[in-house]
Amino acid sequence: MIPKTENASLLIKNCTLLTSDFQLVHDQTIVVNDNRLIALGDTSALSAAYSAKVTVDAKGKLAMPGLIDSHTHTSQQLLRGRITDELPMIWTRIMVPYESRLQEKDVRISSQLSCLEMIKSGTTSFIDAGGQHMSQTAEAVLESGLRAVLSCSTMDSGPEIVSAMKQSIEENISRNRQLFNEYQGAGEGRLNVWFSLRSLLSCTPELIEKVFEAANDCATGMQAHMNEYTNEINYCLEHYQMRPYEYLDTLGVLNDHFLGAHSIFMSANEMDIVKERHCHIVHCPVSNSGKGVPNTPHLLQKGIPVSLGTDGAGHTGLSLFEQMRVFKSLMRASYGAPYGDPVIMPSSSLLKMATFGGAKAMLQDDQIGTLEVGKKADFILIDIDQPHIQPTHNLVNTLIEAVSAKDVTHSVVDGRLLMKDRQVLTMDEEKIMYDSKLAMESLFSHAIR
Ligand SMILES: [Zn+2]
């Protein structure tokens, strides 16, 4: 028999596949060449047609699009366990002293640990909300093989306590532009650089306009923490006599390249504005639960694109499976049970927010977010042949009810295997764990009140 010539780089055989409309098909093969999905279909048909350098037998596994964390803080990985159950103001008492103390090496190790946790949790792409020394985060992302959107933490006003993190408008813009010039499109297009506003409480109108101009000029995205706290709403009402989204709209900075993180407390008029301007929204269920519950059913009903984020390890672990499960409970408790509507947040809607919704938030839904021929090969395999998963009447429901980060066995981003049988291939897990411990100890050797 004449051996077939290699016409693919990676073959995933015998898997169950989650389609873009959340149906399940069995005995499937995924064919990847270079960084793209070139064929999907029955194993019997495709295994005869393709031969690859690397073949994975995925019997007993589910292949689904990689999860997309649309709001995280990779530089806060060394804050794990430090914030929960703390009294206010966490921002000024813990976050600001922590972030302003970070050296380049701390951001590097924090970002590495964050990327490592994401790979092991089934996350293949993320949007970092913006921190310090972001070139270090960029390097960690390039090393990890993940896909990401990065920006700098941007603020020019606020109380005395945040002065270490404030910069002039020019400094803020030039720092972010430098990151853009250096890393936009790096890693064969895996890295994108956006601009950001830390929050409306810490940005002057002049800075907001300049950030928008810069993002526009670079034809890239812009993000901000929005409508997260009631005191932020009060601040806008007091200073501008408008609510946060109304205020940004009068500045002319809202469009389809704007991502509003959290967006918990939104008035009907703000929802109309977000809809009209085609903005994107990302909720962070666990982090948000301590502040309020967004009216997501209404946002979805209006056709506003919603995605999910973790808000970083300071608030919770980086598993989006956990976020989806918590969000389902939050939505049922807030908008289901009180109105006798048990199907207020179906499992497929949650999965869509964590995959395709994230792809839209990243402005890359034509490239990632679903498993379709022609798209980039970003997907994960889940070991579904386990007693907490099988047998099931509905695997899509079980994904939300019972699957956790630990069930993810393989991760593929841009056609490259990042994790195989839970072994991360791109990063030195043992060294990162060791170095993170030392970095955390040294950062907190001076007590943060
Ligand atoms: Zn955040």
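Note that ligands are numbered from 1 as they come in the structure, with each ligand's atoms numbered from 1 the same way. Treat the numbers as computed from the prediction; the structure is a model and nothing was measured.
Two rings, from His225 and His262, have their centers less than 6.0 Å apart.
Of all protein atoms, those that are N, O or S and lie under 2.8 Å from the Zn ion (ligand 1) total 4.
With no hydrogens or angles considered, no side-chain donor-acceptor pair links Thr124 and Asp378 at under 3.5 Å. Defined by atom type and a distance below 3.5 Å, a donor-acceptor pair is present between the side-chain atoms of Thr392 and Thr398. A donor and an acceptor atom, one from each side chain of Ser151 and Gln223, are located under 3.5 Å apart.
For Glu429, the salt bridge (charged side-chain N to carboxylate O under 4.0 Å, His left out) partners are Lys120, not counting sequence neighbours.
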Problem - Residues His315, His71; criterion ring pair (Phe, Tyr, Trp, His ring centres under 6.0 Å); working and verdict - result: CA-CA 12 Å; His315 299 276; His71 184 89; 8.8 Å; no

